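Presented below is the structure to which this report refers.
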There are 2 protein chains.
Amino acid sequence: MINILLADDQQLMRDGISMLLELEEDMALVAEAANGREAIELYQQYSPDVVLMDIEMPTMDGIEAAKRIIELDANAKILVLTTFGQEDYVRRSLLAGARGFLLKAISGADLSSAIRKVQRGEAAVDAQSIGVLLQSYRDMAGTLQNPNSTLLNRREQEILELIAQHKSNREIAVMLSLAEGTIKNYISQLLEKLQVHDRKQAVQIGRDKGLL
Amino acid sequence: MINILLADDQQLMRDGISMLLELEEDMALVAEAANGREAIELYQQYSPDVVLMDIEMPTMDGIEAAKRIIELDANAKILVLTTFGQEDYVRRSLLAGARGFLLKAISGADLSSAIRKVQRGEAAVDAQSIGVLLQSYRDMAGTLQNPNSTLLNRREQEILELIAQHKSNREIAVMLSLAEGTIKNYISQLLEKLQVHDRKQAVQIGRDKGLL
DNA sequence: GTGCCATGAGGTCATATGACTGCCATTTCT
DNA sequence: AGAAATGGCAGTCATATGACCTCATGGCAC
């Protein structure tokens, strides 16, 4: 039997979902909360297997509540269920630790199936939200790869060109009247900006990106 | 009619999928590739609506091929279809720009449905792989928040403590016999490591994390 | 009183240096 | 010959500095 806590500020929605869950032999709605704060209290009181959590609620929103519940119990299984699937909601919910994200547009059967998945420890994200998640994922990866690739500065550019001519650090240092350590440092920073690990690859990428 | 290009090195798999697609009235398999390089050539030749791409192939793997096809045509709709759903494959495929990721364990009906989704511009990731994607997403978010929080170094630590005592940059500079600019620089780095934007917040976070 | 400018403080960025680590090859010791 | 010491080169990290930007504030001209 899957014990469920439902948090939603709309009475009608709670009643509707309650009805749906009654149709399922293996599910029992053990408590209902009308806002995030209540959800946290009731979670501690009932230790339900799965929490169905709305986002837009007074007092404390569902994402904040989810975060706090998971701080209390890292194994909490929270399924966020909301009307709108904007990027912000999907991202924040899943990063808060929710095991699933569904739009209220789904059918009762899909909801039940998602609850079972989450209860088994699997993830449940509806098809539309996956697209949103993917977009967010790629954006994040992009940011991660170029945290500060404001392109190379003058010195780095200059030194990359000399590297491409197979000059050693010492040679470059003499040419630019700088300490060898300084050259090494510029190269180190340059490698990071180009996301590579040695001068050969840097030259390669430099040519690809038309920096040379 | 959805025109499909299939890339898989196993003849048997190609034949099987070919059979499955023949059952669908709205799909036509227009070309078959046995490796990534062929897939690229055939993509350019036939401009299919959707590409079904295996990962493990000789000559050039499917992920690399997907990446190159998308470089040629940003609207290419590629659905990666593979035997194993390890984190590495899911992450690399989706970051390469694939619109979907499915395990070969799925049913023919699910494959057709996924192909239609992808053709409509939606994303299609099977339930198991979503869990993997989510894990990777959270890891990445974690990395992003602490890119290099190897904790503060001695100087930064020292200066944070002085900031907490409401010393100005000039005062700190005199106390440590350093230039004021140097202090500003340390503080700037320190703010980045603590993910905040001014000294007040830095002290706040410093206390929270027990650095003070 | 109002508006403008000078000033100073905080913060960011490019620049510069040397200590230290790790790898590789060459030489030296056994 | 094989193992061990040595030296050089690449790369990373903490350290240090000053030029420049922004913003708030206070005084001055009107």
Side-chain angles (χ1 to χ4, degrees), chain A residues 142-212, chain B residues 143-209 211-212:
Chain A
T143 309
L144 196 56
Q145 282 198 346
N146 302 352
N148 46 359
S149 83
T150 335
L151 255 343
L152 307 183
N153 63 36
R154 242 170 278 131
R155 273 302 198 208
E156 287 162 351
Q157 173 71 35
E158 191 176 13
I159 288 173
L160 177 57
E161 277 160 18
L162 293 171
I163 288 175
Q165 296 163 28
H166 307 102
K167 308 289 184 192
S168 73
N169 290 342
R170 184 174 301 282
E171 287 171 319
I172 296 173
V174 171
M175 294 173 73
L176 302 183
S177 304
L178 290 174
E180 192 181 341
T182 308
I183 306 302
K184 289 178 183 176
N185 188 32
Y186 280 120
I187 292 176
S188 182
Q189 290 172 220
L190 180 160
L191 296 181
E192 202 187 335
K193 285 192 187 176
L194 298 182
Q195 300 278 302
V196 294
H197 288 95
D198 66 54
R199 51 216 290 139
K200 311 275 179 199
Q201 292 170 45
V203 171
Q204 201 69 29
I205 298 287
R207 292 199 206 284
D208 283 2
K209 297 201 177 182
L211 301 174
L212 287 173
Chain B
T143 309
L144 197 55
Q145 283 197 348
N146 304 353
N148 44 359
S149 80
T150 336
L151 256 341
L152 307 182
N153 63 37
R154 243 170 279 133
R155 273 302 198 207
E156 287 161 351
Q157 174 72 36
E158 192 175 12
I159 288 174
L160 177 57
E161 278 159 18
L162 293 171
I163 288 175
Q165 296 161 28
H166 307 103
K167 308 290 186 194
S168 73
N169 290 341
R170 184 175 301 281
E171 288 172 321
I172 297 173
V174 172
M175 293 173 73
L176 303 183
S177 304
L178 290 174
E180 192 181 340
T182 308
I183 305 304
K184 290 178 182 176
N185 188 31
Y186 280 120
I187 292 175
S188 182
Q189 289 173 221
L190 180 160
L191 296 181
E192 203 188 334
K193 284 193 187 175
L194 297 183
Q195 300 278 302
V196 294
H197 288 95
D198 65 54
R199 52 216 287 139
K200 312 275 179 198
Q201 292 171 46
V203 171
Q204 200 68 30
I205 297 287
R207 292 198 207 284
D208 284 1
K209 297 200 179 184
L211 300 174
L212 286 173

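Keep in mind it's a predicted model, so treat the numbers as computed, not measured.
Although no hydrogens or angles enter the test, the distance criterion places a donor-acceptor pair under 3.5 Å between the side chain of B/Glu171 and the main chain of B/Ser168. B/Glu192 places no side-chain N or O within donor-acceptor distance of the main-chain N or O of B/Gln189, the cut-off being under 3.5 Å. Between the side chain of B/Asn185 and the backbone N or O of B/Ser188 there is no donor-acceptor pair closer than 3.5 Å.
Under the 4.5 Å side-chain criterion, counting only non-hydrogen atoms from C-beta, B/Arg155 is in contact with B/Leu178. Looking at heavy atoms from C-beta onward, B/Ile183 lies out of side-chain contact with B/Leu162 at the 4.5 angstrom threshold. Looking at heavy atoms from C-beta onward, A/Val203 lies in side-chain contact with A/Arg207 at the 4.5 angstrom threshold. In this structure, A/Gln204 and A/Lys200 have side chains that are not in contact, with every pair of non-hydrogen atoms separated by 4.5 Å or more. Side-chain atoms of A/Thr182 and A/Leu176, non-hydrogen and from C-beta on, never get closer than 4.5 Å to each other. No side-chain heavy atom of B/Leu191 sits less than 4.5 Å from a side-chain heavy atom of B/His197.
The nearest whole Å value for the distance from the CG atom in B/Leu190 to the C1' atom in C/dG11 is 12 Å. For the pair A/Leu152 CG and C/dT15 P, the interatomic distance rounds to 11 Å; values are reported in whole Å. Remark: P of D/dC9 and CD1 of A/Ile172 are 13 Å apart, rounded to the nearest angstrom. Whole-Å rounding puts the A/Gln189 CD to C/dC13 P distance at 13 Å.
For B/Ile187 and A/Arg155, each mapped to the nucleotide of DNA chain C holding its nearest heavy atom, the one lying further toward the 5' end belongs to B/Ile187.
The nucleotide whose nearest atom lies closest to any side-chain atom of B/Leu178 is, among C/dT15, D/dT17, D/dT12, D/dT17. Side-chain proximity of B/Arg154 to the nucleotides C/dT12, C/dT15, D/dT15 is greatest for D/dT15.
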- Given side chain to side chain contact (heavy atoms under 4.5 Å, CB included), test A/Ile159 with A/Glu156 step by step and report yes or no. CA-CA 5 Å; A/Ile159 288 173; A/Glu156 287 162 351; 5.9 Å; no
- Chi angles and distances behind the side chain to side chain donor-acceptor pair (under 3.5 Å) call for B/Asn169, B/Arg199: CA-CA 11 Å; B/Asn169 290 341; B/Arg199 52 216 287 139; 2.9 Å; yes
- Task: Produce a footprint string for nucleotides 18-23 of chain C: one letter per nucleotide, 5' end first; B if the base is under 4.0 Å from any protein heavy atom, S if only the sugar-phosphate is, - if neither.
- Result: B-----
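Within residues 156-171 of chain B, no residue has a heavy atom under 4.0 Å from DNA chain D. Looking at residues 197-208 of chain A, you'll see A/Asp198, A/Arg199 sit with a heavy atom under 4.0 Å from some atom of DNA chain D.
Within the structure, every side-chain polar atom (N or O) of A/Ser188 is placed at least 4.0 Å from both OP1 and OP2 of D/dG11.
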